[in-house]
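Take a look at the structure below.
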Amino acid sequence: MSVRVRMAPSPTGLLHIGGVHTFLFNWLYARGREGACLLRIENTDTSREVREATQQIQRSLAWLGIDWDGPVTFQLDAMDRCRELAARLVERGEAYEDEGAIRFHMPDEGVTGWDDVVRGRIEFPNEQLEDVVIVRSDGRPTYNFASPVEDMDDAITHVIRGDDHISNTPKQLQILRALGHEPPVYAHIANILGTDGKKLSKRHGAVSVDEFRVAGYLPDALVNFLALIGWAPDGETTIMPRAEIVERFTLEAVSASPGTFDYAKLDWMNGVYLRELSPEAYADEVVTYLRERGSDWPEARVRAMAPLVQEKVGKLGEIPAFTGFLFGDVAPDPAELDAPLLEAAERSLAGVEPWSAQAIETALRQLCEELGQKPRKVFAPIRVAVTGSRVSPGLYESLELLGRETSLARIRHGVELAA
RNA sequence: GCCCCCAUCGACUAGCGGCCCAGGUCGCCACCCUUUCAAGGUGGUAGCGCGGGUUCGAAUCCCGCUGGGGGCACCA
């Protein structure tokens, strides 16, 4: 029997990175086994449904490169089927009416258990199982009924979900048993925590896929990072192409203990992915990123700027602040300037021919010698005058890109400010 | 309160009885490189929660404790 899994978000808001983590494990499992990965929107709670959410979820998954097979399905569409099955259960005495709702009759003795792929045997005493409502008094099925019913109808073979569903599992198992269906294999993976050990939330940092996208993370980096929370192919490998992750992923290697979302490590990893890109691919990413952010910076210059920052930023979102001086005016702090030194630099740069990074370097190095000063000392005020900051891309390349006229004008302006 | 789950450096993890006085990665610290910031290089810091067993031998198996998390809805 071929593998069939499903990703089941509820449309209550933006796609949460914790949800992506469990979806990713589903996706990895299916893709590594020629299986099918379905997308089911669990919208039985209409009161909490957020308009737009369904579209946003799909957009976020698409951006991450996590695809699905077949059409997107909606749990509410299984309403009639659920009602029909519930009626059948009532007929057979497995369920009963209760104030307009239908409750499933759970056994009172014995235990209900299953062999969880990541946790081993889990058992619940049946006396703990309440008679759950499977159909509300308004006719809508509840999650605990619709979910196993759909798993059955979709022929899901492996239910890979968050461990907050562990206590739902015995109930769903009993329902499936009453329906005469062989239950799927269950794999409950731990939820991702914030640095304080609490469930990852807004106050820890970015949590929605959109936020990560806006901050300038690469989908591949995010996927690589997420894959390594709760799973490892071995003790050594850290950076892995997506294809390798797909190939090596197994549920058996998934850890049962919860992992913490380490933003610092993600930043590092994103930097690795950014630096690994070819210069062309990197420029493409930068152009696309800025365009999505609504930037009106001319593309030609953006492409020319890209190589200056590829090794310097860990997230694309840092680029605007870092390279803004190439696209607009600067406001240097007079205290960081030095009039005599800037005048000397102005003289030294005025005759540079051609206006290239190499020629600029030669001229500035010579200036340092003439002044008998260390480059770090000489370049600081020039950098501030030209870029408006003590931190910038390489000075020679920056000057070259800015052009002789603008560069000299900014240095001249620096002299005036410092005077 | 009841039920369930989890427990290796600050973080992600390797380890599935001897190869481990515990390995890799991030972070952090130091040094090197250096026009700033990064990147890069080298070295370092730091851990098996506690207590009992089992065994010739335990991070690895068992029990208890402690700590953390989750669930107990006509939410998903």
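For the numbers below, each heavy atom of this structure counts, side chains included, while hydrogens, waters and symmetry mates do not. Lettering of chains follows the sequences in order, A, B, ..., and the numbering in each one begins at 1.
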Which base, if any, makes a Watson-Crick or G-U wobble pair with [N], both distances under 3.5 Å?
| N | answer |
| --- | --- |
| B/A76 | none |
| B/C50 | B/G64 |
| B/A14 | none |
| B/G43 | B/C29 |
| B/C2 | B/G71 |

**OP:** Over 60° means perpendicular and under 30° means parallel, so classify the ring planes of A/Y29 and A/F249, tilted if in between.
**Re:** perpendicular
**OP:** Dump the intermediate steps for side chain to side chain donor-acceptor pair (under 3.5 Å) on A/Q172 and A/T169, then the final yes or no.
**Re:** CA-CA 5 Å; A/Q172 300 182 4; A/T169 307; 5.6 Å; no
Original post:
Taking the six-membered ring for Trp, is the centroid-to-centroid distance between A/F225 and A/F261 below 6.0 Å?
Top reply: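 Yes: the rings meet the under 6.0 Å criterion.
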Original post:
Is the gap between the ring centers of A/F23 and A/H16 under 6.0 Å?
Top reply: no
Write down the distance between [atom1] ([X]) and [atom2] ([N]), rounded to a whole number of angstrom.
| X | N | atom1 | atom2 | answer |
| --- | --- | --- | --- | --- |
| A/E336 | B/C37 | CD | P | 13 Å |
| A/R383 | B/A38 | CZ | C1' | 11 Å |
| A/I245 | B/C12 | CD1 | P | 18 Å |
| A/R121 | B/C5 | CZ | P | 11 Å |
| A/L193 | B/A7 | CG | P | 13 Å |

Subject >> Side-chain N or O of A/T260 closer than 4.0 Å to phosphate OP1/OP2 of B/C12 >> reply: yes
**OP:** Answer yes or no: does a side-chain N or O of A/R275 lie under 4.0 Å from OP1 or OP2 of B/G40?
**Re:**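 Yes, A/R275 has a side-chain N/O under 4.0 Å of OP1/OP2 on B/G40.
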**OP:** Identify, between A/E361 and A/V118, the residue whose nearest nucleotide on RNA chain B lies closer to the 5' end.
**Re:** A/V118
**OP:** By nearest nucleotide on RNA chain B, pick out whichever of A/E311 and A/S255 is the more 5' one.
**Re:** A/S255
Subject >> A/N126 side chain vs A/P107 backbone, donor-acceptor pair below 3.5 Å >> reply: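 Checking the backbone N and O of A/P107 against the side chain of A/N126, no donor-acceptor pair under 3.5 Å is found.
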**OP:** Starting at the 5' end of nucleotides 71-76 of chain B, put B wherever the base has a protein heavy atom under 4.0 Å, S where only the sugar-phosphate does, and a dash everywhere else.
**Re:** S--BBB
Subject >> Side-chain ion pair, A/D154 and A/R6, N-O less than 4.0 Å >> reply: no
Original post:
Does A/R213 make a cation-pi contact with A/Y217, if we ask for NZ or CZ under 6.0 Å from the ring centre and within 45° of the axis?
Top reply: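 No, a cation-pi geometry is absent between A/R213 and A/Y217.
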